[in-house]
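Numbering of ligands and ligand atoms starts at 1, following listing order.
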Amino acid sequence: MDKILVHGGRKLRGSIRVSGSKNSALPILAAALLTRDTCVIRGVPDLSDIHYMLTILSHLGCEVERASGVVSIRADKIRTEASYDLVRKMRASVCVLGPLLGREREACVALPGGCVIGDRPIDLHLLGFEALGAAVRVTGGNVKVFATRLRGGSVNMCGTHGTTVLGTDNVMMAAVLAEGVTEIHGAAEEPEVVDLANFLKAMGARIHGAGTSHLMIEGVKELHGADYTVIPDRIEAGTMLVAGAIAGEKLTVRRLRPDHLESVITPLRTAGFQIETETDAVTISPGEKSSPLHLETTPYPGFPTDMQAQMCALLVRTPGESVITDHVFPQRFMHVAELSRMGAQIRLEAPTAFITGNGRLSGAPVMASDLRASAALLLAGLAAEGVTEINRVYHIDRGYERIDEKFNFLGAHIERVKA
Ligand code: EPU
């Protein structure tokens with residue numbers, strides 16, 4: 001298994017471009033199942049999660065071609081079953097359920113199983129399918145959804161931890177081909193949901209209210225192919241900005257949407273960093289003081305759970321007492337024990353981490369446990385004294401395109417050691 005060695009203490013400077021959004025691309029690729037025509041999707045990042053999704057789509061019968069960020073998919077004749085072997089590697093594989101149900105009126109997909117960032121049920125997805133008149137059966141580790149008629153209905157996507165992103169996506173993808181009007185209350189407002197809605201609209205779907213908590217979808221008889229470019233990855237962009245905060249002299253992150261990053265930029269400013277925004281770029285440089293933060297993750301437009309671990313890596317070096325609470329995934333703190341091995345002082349009472357910033361970290365062998373936790377370890381390694389050895393780096397390759405090369409381009413010294 002590959003390892004990453006981060007030689008700490010180098011300053012980052014210059015500018016870097018953000019890749020296309022993983023969490024937009026995954027459901028958008030799945031949405032290509034909704035038409036027999038060819039869909040061309042651009043700006044698709046080269047990540048292992050994308051590879052898994054394309055493997056699933058090929059298995060379902062799609063013709064898939066891929067060349068430097070452009071994926072073309074033709075779902076002429078499709079199957080409606082995906083086995084555990086196919087879906088177990090990635091939670092997002094559940095988002096083929098909606099389009100299969102919408103187009104074929106049936107789908108049988110293995111449940112993806114446990115996840116290190118906490119309990120990840122799909123009860124709200126299933127509630128939404130039932131609201132459209134589908135029957136749901138869970139047997140033998142598979143979820144089967146089917147309907148003789150799929151008709152518009154009304155559903156609320158809010159659960160104990162707030163709304164659901166892929167649940168909203170799934171129900172929207174089924175509803176675009178249902179008879180009549182579907183209303184989704186408590187819909188996720190994430191930019192990735194809006195991006196999916198825009199792709200579906202480009203295919204001929206009628207969706208109103210994307211980006212708000214109330215979606216109205218008028219079902220149509222069929223959809224056609226579309227040529228679409230996914231939005232920039234706001235979490236990669238946010239991770240780069242936090243890298244700039246941790247180890248940067250002056251760092252510009254380009255090809256991003258500053259409006260998608262307000263909930264990350266605002267606390268970075270409060271923490272004392274100087275931030276300048278342009279139409280599609282953000283520059284971060286050190287300020288005169290650095291202040292601790294109190295942060296709580298909530299669904300968009302709140303501070304994202306996908307930035308919680310990276311922000312922890314910043315705050316362990318910021319003098320003072322910081323507090324981070326994760327309301328979206330209350331158990332998502334696997335990075336805490338690893339950061340502590342590097343000298344961080346964090347007391348964990350999930351869903352809250354109490355951080356005493358002590359300004360110093362030292363390199364150590366650490367274990368990546370999930371995507372964002374690995375990013376946090378890499379960020380901490382940039383600022384630590386000595387070498388941080390990150391094991392199980394396949395986690396980071398699931399969601400960051402060539403992150404080591406990007407940081408090295410900015411002045412870091414990161415080696416990837418092939419096992
Ligand atoms: N939830 C339920 N029932 C459901 C679905 C979700 O209770 O049926 C709960 C979850 O357990 C969690 C909360 O609702 O506590 C939010 O989960 P959500 O469904 O929104 O997560 P997701 O759609 O499965 C996407 C991203 C995640 C990101 C979350 C939250 C993709 C492919 N994944 O997951 O991204 O953390 O939304 O913003 O879009 C990542 O990129 O590292 C990542 C984990």
Side-chain angles (χ1 to χ4, degrees), residues 19 21-31 45 47-50 52-53 56 87 89-98 111-131 136 138 143 155-173 184 186-196 213 230-231 233-239 260 263-264 297-310 326-332 334-335 350-351 368-376 395-401:
S19 301
S21 163
K22 164 181 87 80
N23 289 349
S24 270
L26 289 169
I28 285 176
L29 293 170
L47 301 170
S48 50
D49 270 12
I50 297 291
Y52 297 140
M53 179 55 84
I56 293 169
V87 308
K89 290 189 178 145
M90 186 182 64
R91 292 272 327 166
S93 48
V94 295
C95 65
V96 300
L97 274 172
L111 288 165
C115 174
V116 75
I117 69 174
D119 196 18
R120 295 183 75 180
I122 60 161
D123 55 316
L124 297 167
H125 304 225
L126 302 182
L127 199 70
F129 296 146
E130 284 173 337
V136 174
V138 179
V143 57
V155 64
N156 192 322
M157 298 308 288
C158 269
T160 327
H161 300 297
T163 182
T164 159
V165 174
L166 291 179
T168 304
D169 289 347
N170 244 337
V171 178
M172 181 163 62
M173 288 189 280
I184 306 181
E189 300 172 35
E190 269 68 3
E192 295 78 17
V193 177
V194 178
D195 210 24
L196 172 65
S213 63
V230 300
I231 55 171
D233 196 308
R234 67 189 166 104
I235 304 301
E236 185 197 351
T239 304
H260 291 168
S263 63
V264 175
T297 75
T298 51
Y300 193 84
F303 178 72
T305 174
D306 290 345
M307 285 298 303
Q308 180 259 110
Q310 301 90 312
D326 198 327
H327 294 291
V328 179
F329 288 113
Q331 305 298 328
R332 194 180 199 174
M334 300 293 282
H335 46 286
S369 56
D370 72 85
L371 172 57
R372 308 304 171 188
S374 353
H395 287 293
I396 210 161
D397 294 329
R398 293 185 48 197
Y400 290 93
E401 195 175 44

With atom 5 (C) of ligand 1 as the reference point, say which of Gly167, Pro121, Ser24 has the nearest heavy atom. Pro121
If I apply the N/O under 3.5 Å rule, does Lys22 come out as touching ligand 1? yes
Taking only non-hydrogen atoms of His125 and a 4.0 Å limit, the atoms of ligand 1 in range are 8 (O)
Looking at ligand 1, would Gly159 count as a contact under a 4.0 Å heavy-atom criterion? no
Element-labelled atoms of ligand 1 that are located less than 4.0 Å from some non-hydrogen atom of Thr305: 30 (C), 36 (O), 38 (O)
Test your reading of the structure: does Asp306 have an N or O sitting under 3.5 Å from an N or O of ligand 1? yes
Could you grab the distance from atom OH of Tyr52 to atom CG of Leu29, nearest 0.5 Å is fine? 15.5 Å
State if Arg120 counts as touching ligand 1 under the rule of any non-hydrogen atom under 4.0 Å. yes
Taking distance alone, with N or O pairs closer than 3.5 Å, would you say Gly162 contacts ligand 1? no
Taking the non-hydrogen atoms of Arg91, is any one of them nearer than 4.0 angstrom to ligand 1? no
Min N/O separation Arg332 to ligand 1 under 3.5 Å: yes
Contact between ligand 1 and Ile122 is defined here as a heavy atom of the residue under 4.0 Å from a ligand atom; is it met? yes
Assess Gly399 for proximity to ligand 1: is some non-hydrogen atom of it under 4.0 Å away? no
Tell me whether Leu124 has any N or O atom under 3.5 angstrom from an N or O of ligand 1. yes
Val328: numbered ligand 1 atoms lying under 4.0 Å from its heavy atoms: 12 (C), 13 (C), 15 (O), 16 (C)
Geometry only, no angles: is Leu371 polar-contacting ligand 1 at N/O separations under 3.5 Å? no
Using distance alone, determine whether Val165 and ligand 1 share an N or O pair under 3.5 Å. yes
Work out whether the distance between some heavy atom of Thr163 and some atom of ligand 1 is less than 4.0 Å. yes
